[in-house]
Amino acid sequence: MEAALLGLCNWSTLGVCAALKLPQISAVLAARSARGLSLPSLLLELAGFLVFLRYQCYYGYPPLTYLEYPILITQDVILLLCIFHFNGNVKQATPYIAVLVSSWFVLTLQKWIIDLAMNLCTFISAASKFAQLQCLWKTRDSGTVSALTWSLSSYTCGLALSQAGVQ
């Protein structure tokens, strides 16, 4: 029973993550504006996803436990490009993407680096959400922020916590 429930949680998390950022991307494209989205928040979220993915790969976890991260990273990179596109210069995204790609290799130069980065992930994730809320407060415009994306994100967080209790 526990194995079936864990499998259901894994697959539902994967399914939700496959569509997690699509409402957000759709809202940004429909509004033709990235107003209300926080670049620092998105970069922190990308960093957290990258660390999680690299940690899982480094320690040889089964792919089903981290399969959602490449999907989330791809969706966040699309959002990053949308932010730069609607702010007028996509080429400004290049240094950020270069840092993210090089981080993939730097994280595993020493075992302590990946372990420290993983320990900081909860803080990074919280800082990401705080930065987004701060941006919303400052702009007073939530027009391009998707409530559905935030709801789906809450669902996956809840499942991750429940899975941690089962394993």
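- Remark: Thr108 engages Arg54, Tyr58 in a side-chain contact (heavy atoms from CB on, under 4.5 Å) (not counting sequence neighbours).
- Judged as a side-chain hydrogen bond (donor to acceptor under 3.5 Å, both in side chains), and not counting sequence neighbours, Ser125 has no contacts.
- Qualifying side-chain hydrogen bond (donor to acceptor under 3.5 Å, both in side chains) partners for Thr94, counting only residues two or more places apart in sequence or in other chains: none.
- Under the 3.5 Å distance criterion, the side-chain polar atoms of Thr74 are matched with a main-chain donor or acceptor of Pro70.
- In this structure, CZ on Phe49 lies 7.0 Å from OH on Tyr69, to the nearest 0.5 angstrom.
- Tyr59 pairs by the side-chain hydrogen bond (donor to acceptor under 3.5 Å, both in side chains) definition with Lys111, Asp115, not counting sequence neighbours.
- Looking at heavy atoms from C-beta onward, Glu45 lies in side-chain contact with Lys129 at the 4.5 angstrom threshold.
- Residues satisfying the salt bridge (Lys or Arg N to Asp or Glu O under 4.0 Å) test with Lys91, not counting sequence neighbours, are none.
- Between Leu100 atom CG and Leu46 atom CG the span is 5.5 Å, to the nearest 0.5 Å.
- For the atom pair Ile78 CD1 and Ile73 CD1, the distance stands at 12.5 Å (nearest 0.5 Å).
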Quick one: side chains of residues 79-87, donor-acceptor pairs under 3.5 Å with protein atoms, not counting sequence neighbours, listed by atom name and distance.
from  : atom 1 : to    : atom 2 : distance (Å)
Asn87 : ND2    : Ile83 : O      : 3.2

- Message: With side-chain contact (heavy atoms from CB on, under 4.5 Å) as the criterion, how do Trp104 and Cys57 come out once you've worked through the C-alpha distance, each side chain's angles and the decisive distance to 0.1 Å?
- Response: CA-CA 11 Å; Trp104 178 263; Cys57 292; 4.1 Å; yes
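- Scored by the side-chain contact (heavy atoms from CB on, under 4.5 Å) test, Ile124 finds Leu44, Leu120 as partners (sequence neighbours excluded).
- How far CD of Gln75 is from CG of Leu22: 5.0 Å, rounded to the nearest 0.5 Å.
- Looking at residues two or more places apart in sequence or on another chain, you find no ring pair (Phe, Tyr, Trp, His ring centres under 6.0 Å) involving Phe130.
- In terms of heavy-atom proximity, Ser128 sits nearest to Ser41 at O-OG, 2.7 Å.
- Phe123 and Trp112 sit in two unconnected hydrophobic clusters of ILVMFWY residues. Membership requires side-chain heavy atoms under 4.5 Å apart, directly or through other members.
- When all heavy atoms of Leu39 and Tyr96 are compared, the closest pair comes out as CD2-OH, 4.1 Å.
- Annotation: salt bridge (Lys or Arg N to Asp or Glu O under 4.0 Å) contacts involving residues 66-76, sequence neighbours excluded, comprise Lys21-Asp76.
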- Message: Using side-chain contact (heavy atoms from CB on, under 4.5 Å), reason through Tyr61 and Tyr55 one step at a time and then give a plain yes or no.
- Response: CA-CA 9 Å; Tyr61 285 90; Tyr55 184 88; 4.0 Å; yes
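- Taken from CD in Gln110 to CG in Leu116, the straight-line distance is 12.5 Å, to the nearest 0.5 Å.
- Ala117 is linked by a side-chain contact (heavy atoms from CB on, under 4.5 Å) to Val51, Leu107, counting only residues two or more places apart in sequence or in another chain.
- Across Gly48 and Cys121, no two heavy atoms sit closer than the pair O-SG, 3.9 Å.
- Annotation: side-chain contact (heavy atoms from CB on, under 4.5 Å) contacts of Ser103 (sequence neighbours excluded): Leu50, Val99.
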